[in-house]
Number of protein chains: 2
Amino acid sequence: MLQRKPAEDRKADIVEALLRLADQIGPDRLTTNDIAREVGVTQAAIFRHFPTKAELWSAVGEVIAARLAEAWQQALAANTTPKDRLRALIAAQLRQIEAIPALPAILHSRELNVDNANLRQRFRGILLQYQAHLVANLEGMIADGSITPDVRPQDAAILLTSLVQGIAIRWSLGSRGFALQPEGLRLLDVQLALFAYGER
Amino acid sequence: MLQRKPAEDRKADIVEALLRLADQIGPDRLTTNDIAREVGVTQAAIFRHFPTKAELWSAVGEVIAARLAEAWQQALAANTTPKDRLRALIAAQLRQIEAIPALPAILHSRELNVDNANLRQRFRGILLQYQAHLVANLEGMIADGSITPDVRPQDAAILLTSLVQGIAIRWSLGSRGFALQPEGLRLLDVQLALFAYGER
DNA sequence: TATGTTAGTGAGTAATTACTCACAAGAGGT
DNA sequence: ACCTCTTGTGAGTAATTACTCACTAACATA
């Protein structure tokens with residue numbers, strides 16, 4: 001028998017293993033057997049910590065939600081102007097996708113989209129929250145005159161989240177052949193320059 | 001025994017059933033049994049028409065590729081100005097996603113991304129072709145002065161494909177609670193107005 | 001060092017998976 | 001009405017799935 005660990009540590013190991021394998025094998029194809037082998041325990045051990053696979057996925061959702069929320073908080077806390085905060089929010093999101101490359105695949109997984117309503121609601125909430133942060137800072141940018149008031153902040157926020165998602169998809173479909181964060185920030189600047197046209 | 005059909009008709013039925021189920025059940029988890037039940041034949045009948053599941057997926061890839069290519073051709077043929085053609089290309093893509101709602105999921109399925117290199121190559125080519133169409137018409141718009149030359153057409157094309165993908169994700173995560181095409185075209189107009197700022 | 005608690009195991013389960021094969025029967029041409 | 005080609009079936013297969021359960025051994029604390 002291998003080294004025993006406190007339940008909380010082992011649970012964290014299992015969630016990490018799932019995130020790694022979701023990237024390699026795909027979220028809908030990874031099995032409890034794969035996870036157990038990756039962690040280094042037997043399959044039965046997985047079910048000691050998570051009664052069902054669905055609850056394991058919910059735990060994964062919680063971990064991701066917590067990490068994203070913290071990244072956003074840091075981005076907001078470290079900057080003062082709306083423009084800097086917006087850039088930091090986008091940068092944080094790109095960095096999180098690099099850190100959890102399975103994220104886009106999980107967004108399209110059947111586990112999330114079909115089987116696990118709990119998980120789906122969680123992610124929907126996460127995306128709405130992010131959108132709200134973007135809108136708030138875009139409103140700030142309109143107020144301080146750094147972008148045009150001709151574009152509604154809600155629409156601008158959709159364009160920006162789409163940008164992040166689109167780049168992330170290109171990144172993973174293209175075998176991650178470019179650096180996500182620099183490329184994303186470059187295109188963000190292109191879009192921000194467009195938003196600013198009223199001020200030129 | 002139910003009604004017999006010529007092989008070509010039955011193959012088409014099977015592909016249609018797969019597309020319907022890929023949306024409901026998810027591309028990576030739908031089984032030959034599910035497909036057989038949906039078509040109304042036994043599981044063995046599926047394997048009479050397609051020797052393996054992978055070859056069935058390849059047939060699906062061909063069907064999708066043909067439909068997309070035709071939609072683009074019609075979009076290009078029915079319009080003359082670069083701006084109209086660009087709008088028609090985006091509209092066609094949104095319409096295809098509505099008609100084949102499994103499309104985004106298939107694009108990110110493991111069947112395509114990991115298991116089936118044949119299918120993957122087919123889709124990669126299709127997407128590159130779409131991007132090329134967008135770039136060509138964006139260049140046309142720069143040439144005829146309907147958008148600013150400050151944005152590189154390649155970057156603008158990425159922003160537009162990201163827009164389509166981002167909206168499609170919002171659409172499916174939000175249980176398709178809004179009409180995809182109108183919302184997409186509305187945001188396209190917002191983006192196009194930004195691209196045009198140099199001309200105001 | 002003795003004891004109660006908890007992480008982990010080994011060996012199962014029934015259900016489901018993609019796929020096979022010998023055979024049956026509808027349909028079209030003659 | 002016959003023959004033949006082709007579509008479809010019934011009954012299998014071995015492998016894999018999520019999940020269970022009786023049991024064992026490591027750890028904390030006293």
Side-chain angles (χ1 to χ4, degrees), chain A residues 1-19 21-22 24-61 106 109-112 114-119, chain B residues 1-19 21-22 24-61 106 109-112 114-119:
Chain A
M1 199 181 291
L2 290 190
Q3 186 186 4
R4 279 183 48 172
K5 288 190 178 184
E8 287 312 305
D9 293 9
R10 191 58 91 192
K11 279 187 177 186
D13 287 353
I14 292 171
V15 167
E16 287 311 309
L18 185 147
L19 286 175
L21 291 173
Q24 294 167 25
I25 299 176
D28 286 331
R29 296 241 170 127
L30 70 85
T31 68
T32 51
N33 226 337
D34 296 328
I35 299 169
R37 199 179 314 119
E38 176 84 5
V39 172
V41 295
T42 59
Q43 196 198 21
I46 303 295
F47 290 94
R48 165 157 307 276
H49 296 288
F50 300 96
T52 65
K53 211 185 173 191
E55 291 205 35
L56 168 53
W57 271 107
S58 294
V60 169
I106 291 174
S109 67
R110 154 180 165 159
E111 183 66 37
L112 184 146
V114 180
D115 289 345
N116 201 327
N118 188 22
L119 190 66
Chain B
M1 197 181 291
L2 291 188
Q3 188 186 3
R4 279 182 48 174
K5 286 190 180 183
E8 287 313 306
D9 293 8
R10 191 60 89 194
K11 279 187 175 183
D13 287 353
I14 293 171
V15 167
E16 287 311 309
L18 185 147
L19 286 175
L21 291 172
Q24 294 168 23
I25 299 176
D28 283 332
R29 285 211 195 151
L30 74 86
T31 69
T32 52
N33 226 338
D34 297 328
I35 299 168
R37 199 180 313 118
E38 176 84 4
V39 172
V41 294
T42 58
Q43 196 196 19
I46 303 296
F47 289 94
R48 166 157 305 278
H49 295 287
F50 300 97
T52 65
K53 210 185 173 190
E55 291 204 36
L56 168 52
W57 271 107
S58 294
V60 169
I106 290 173
S109 68
R110 241 45 201 179
E111 180 67 37
L112 185 148
V114 177
D115 292 342
N116 199 326
N118 188 21
L119 191 66

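In what follows, chains carry the letters A, B, and so on, assigned in the order in which the sequence lines appear, proteins first and then strands, with residues in each chain numbered from 1.
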Under the side-chain hydrogen bond (donor to acceptor under 3.5 Å, both in side chains) test against A/Q43, which residue among A/T32, A/T31, A/N33 passes?
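In the set A/T32, A/T31, A/N33, the residue that makes a side-chain hydrogen bond (donor to acceptor under 3.5 Å, both in side chains) with A/Q43 is A/T32.
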
Any B/T32 side-chain N or O less than 4.0 Å from OP1/OP2 of C/dA18:
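Answer yes for this pair, as a side-chain N or O of B/T32 is under 4.0 Å from OP1 or OP2.
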
D/dG8 phosphate, OP1 or OP2: any side-chain N/O from B/T42 under 4.0 angstrom?
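It does not, given that no N or O in the side chain of B/T42 lies less than 4.0 Å from OP1 or OP2 of D/dG8.
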
Quick one: [X] [atom1] to [N] [atom2], roughly how many Å, whole number?
X	N	atom1	atom2	result
A/N33	D/dA15	CG	C1'	12 Å
B/F50	C/dT20	CZ	C1'	18 Å
A/R37	C/dG8	CZ	P	18 Å
A/R48	D/dC23	CZ	P	15 Å
B/Q43	D/dG12	CD	P	15 Å
A/R10	C/dG8	CZ	C1'	9 Å
A/L56	D/dT17	CG	P	15 Å
B/L18	C/dA18	CG	P	11 Å

Helix axis bend for the helix from C/dT1-D/dA30 to C/dT30-D/dA1 - C1'-based end axes, five pairs, 10° rounding:
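About 20° separates the two local helix axes.
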
Compare all side-chain heavy atoms of [X] with those of [Y] and state whether any distance is below 4.5 angstrom.
X	Y	answer
B/V41	B/D13	no
B/V15	B/F50	yes
B/W57	B/L112	no

Using a heavy-atom cut-off of 4.0 Å across all strands, would you classify B/L30 as base, sugar-phosphate, or nothing?
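If one applies the 4.0 Å heavy-atom cut-off, B/L30 turns out to touch the sugar-phosphate alone, with no base involved.
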
Would you find a donor on one side and an acceptor on the other, under 3.5 Å apart, between the side chain of A/N116 and the backbone of A/E111?
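Not a single qualifying donor-acceptor pair exists.
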
Options [options], nucleotide nearest the side-chain atoms of [X]:
X	options	answer
A/K53	C/dT9, D/dA18, C/dC19	D/dA18
A/F47	D/dT9, D/dT7, D/dT20	D/dT20
B/H49	C/dG10, D/dG8, C/dC19	D/dG8

Nearest non-hydrogen partners of B/G61 and B/L119, listed with the distance:
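Shortest heavy-atom contact: CA-CD1, 3.5 Å.
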
Check A/R110 with A/D28, please: is the shortest side-chain N to carboxylate O separation under 4.0 Å?
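The answer is no: the pair does not qualify as a salt bridge.
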
Closer to the 5' end of DNA chain D via nearest nucleotide, is it A/A44 or A/T31?
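So the residue in question is A/T31.
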
